[in-house]
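Here, residue 1 is the first one in the sequence, and each next residue gets the next number.
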Amino acid sequence: MKILKSVNSKEGRRIELVGSENNLKNILVIGVFHGDEPQGDFLIKKYLEIKEASMLFIPCLNPDGMALNVRTNSNGVDLNRNFPTENWGKNEGENATCDDESTAYYGGKSPASEVETRFVIDIIEEYKPRLILTLHSPYKVVNYDGPGEKIAKKISEIIGYPAEGSIGYPTPGSFGTYAGVERHIPTITLELDDKIPAESLVQPVFDILDFMDNL
């Protein structure tokens, strides 16, 4: 696998898009939107140690947050509330704190204000993925946005989590809204179990990635 594109975080850590230059299937897999959800980085890197996949991978989108074990990036912004969606910054429901800088759900000073967000947007514009998977935790659910229900149900069969069209609370400025709802790219948010070691997730997640790599 080769580094296809990279950028530095605010604290100088590299954020990398990796993949094979040949036979790219325009399927994008992203780990660590939230720094306190490190499972994606571990699982993607472990997968790439043994597989020559034809997909695109961002193993860790939020290295600053992961280094600090916090949800947000180093500016205190929740990257999953920072995308330029029609509902960016709109407070709705019980978790309506996207305009409050003191919370872990702060959506930023403006849409796409963060280098991490812009990196993902640039990749989508350049590579035009036809399917996206993001690895999160801890809800044990296969959430989908846009036309992703069929693939979400297959992933559900592999890992044994329910497939749901809603995560259960508003997420203004979310990546799922940006990519799935507004751009009609099947976008799957795989919420992994954080109560078990990441090593225990290797087999089901590898099976999911193999399934996607064969689409």
Side-chain angles (χ1 to χ4, degrees), residues 7 9-10 15 28-40 58 60-66 68-125 128-129 131-149 151-152 155 161-192 194:
V7 69
S9 70
K10 179 183 176 183
I15 305 167
L28 176 62
V29 181
I30 306 175
V32 197
F33 260 85
H34 299 132
D36 57 355
E37 300 171 10
Q39 295 90 342
I58 304 173
C60 181
L61 180 62
N62 185 4
D64 291 351
M66 190 168 71
L68 296 170
N69 191 32
V70 296
R71 179 182 177 91
T72 65
N73 71 355
S74 53
N75 286 328
V77 174
D78 181 348
L79 300 178
N80 208 29
R81 301 291 185 278
N82 188 237
F83 282 84
T85 62
E86 292 180 4
N87 67 352
W88 177 85
K90 292 182 179 179
N91 278 323
E92 301 170 347
E94 293 180 2
N95 291 324
T97 54
C98 61
D99 62 354
D100 185 345
E101 294 183 47
S102 69
T103 77
Y105 301 93
Y106 176 51
K109 297 183 184 301
S110 61
S113 60
E114 306 308 297
V115 63
E116 300 91 344
T117 310
R118 295 193 299 273
F119 183 63
V120 174
I121 290 171
D122 288 347
I123 287 167
I124 289 175
E125 291 178 351
K128 297 177 174 52
L131 171 63
I132 302 172
L133 173 72
T134 66
L135 301 179
H136 287 252
S137 67
Y139 295 116
K140 295 191 289 185
V141 67
V142 185
N143 174 236
Y144 59 90
D145 290 287
E149 182 176 6
I151 293 170
I155 292 173
Y161 300 167
E164 302 286 352
S166 172
I167 202 68
Y169 52 84
T171 56
S174 74
F175 179 65
T177 300
Y178 175 81
V181 175
E182 296 185 358
R183 278 154 189 79
H184 310 294
I185 304 166
T187 302
I188 311 298
T189 303
L190 177 56
E191 289 272 355
L192 297 164
D194 70 346

(request) Say whether, by atom type as modelled, one donor and one acceptor occur between the side chain of Asn80 and the main chain of Pro172 under 3.5 angstrom. (result) no
(request) Please test Ile155 against Tyr161 for side chain to side chain contact (heavy atoms under 4.5 Å, CB included), starting from the C-alpha separation and ending with a verdict. (result) CA-CA 8 Å; Ile155 292 173; Tyr161 300 167; over 6 Å; no
(message) Test side chain to side chain contact (heavy atoms under 4.5 Å, CB included) on Ile124 and Ile185; report intermediate values, then the result.
(response) CA-CA 10 Å; Ile124 289 175; Ile185 304 166; 4.2 Å; yes
(request) Using distance alone, with no hydrogens and no angle criterion, decide if Ser9 and Asp64 have a side-chain donor and acceptor under 3.5 Å apart. (result) yes
(request) Evaluate the side-chain proximity of Val29 to Leu133: yes if any heavy-atom separation is below 4.5 Å, no if none is. (result) yes
(request) Using modelled atom types only, decide if a donor and an acceptor are shared between the side chain of Thr117 and the backbone of Ala112 within a distance under 3.5 Å. (result) no
(request) Ignoring hydrogens and angles, state whether a donor on the side chain of Thr187 or Asp145 is under 3.5 Å from an acceptor on the partner side chain. (result) no
(request) Could you check if a side-chain atom of Val120 sits within less than 4.5 angstrom of a side-chain atom of Ile58, using non-hydrogen atoms only? (result) yes
(message) Show the nearest heavy-atom pair for residues Glu114 and Asn75, with the distance to one decimal.
(response) OE1-ND2, 2.7 Å
(message) How close do Ile123 and Pro129 get, counting heavy atoms only, and between which atoms?
(response) O-CD, 4.4 Å
(request) Return yes if some donor-acceptor pair links the side-chain N/O of Arg118 with the main-chain N/O of Ser113 below 3.5 Å, else return no. (result) yes
(request) Please check if the side chain of Glu191 supplies one atom and the backbone of Asn143 the other of a donor-acceptor pair under 3.5 Å. (result) no
(message) Minimum heavy-atom separation for Phe33 and His136, please, with both atom names.
(response) CB-CE1, 3.6 Å
(request) Could you tell me which non-hydrogen atom of Asp78 sits nearest to which non-hydrogen atom of Ala104, and how far apart they are? (result) CB-O, 3.4 Å
(message) I'd like to check Tyr144 versus Ile151 (side-chain heavy atoms, cut-off strictly below 4.5 Å). Are they in contact?
(response) no
(message) So Met66 and His34, do their side chains get closer than 4.5 Å, heavy atoms only?
(response) no
(request) Examine Arg183 relative to Tyr178 and say whether NZ or CZ is less than 6.0 Å from the centre of the six-membered ring and inside a 45° cone about the ring axis. (result) yes
(request) Could you verify whether a donor N or O on one side chain and an acceptor N or O on the other, from Asn73 and Glu116, lie under 3.5 Å apart? (result) yes
(message) Counting C-beta onward and ignoring hydrogens, is there a side-chain heavy-atom pair between Leu61 and Ile30 closer than 4.5 Å?
(response) yes
(request) Mark yes or no for whether Trp88, through its side chain, and Phe83, through its backbone, hold a donor-acceptor pair below 3.5 Å. (result) no
(request) Determine the minimum heavy-atom distance between Ser74 and Lys10, stating which atoms define it. (result) OG-CB, 3.3 Å
(request) Specify the closest pair of heavy atoms between Thr171 and Thr177, including all atoms of both residues, with the distance to one decimal. (result) O-OG1, 4.2 Å
(message) Is there a side-chain contact between Ile15 and Cys60 in this structure, where contact means two heavy atoms from C-beta onward sitting under 4.5 Å apart?
(response) no
(message) Applying side chain to side chain contact (heavy atoms under 4.5 Å, CB included) to Asn82 and Val77, what does each step give before you reach the verdict?
(response) CA-CA 7 Å; Asn82 188 237; Val77 174; 4.0 Å; yes
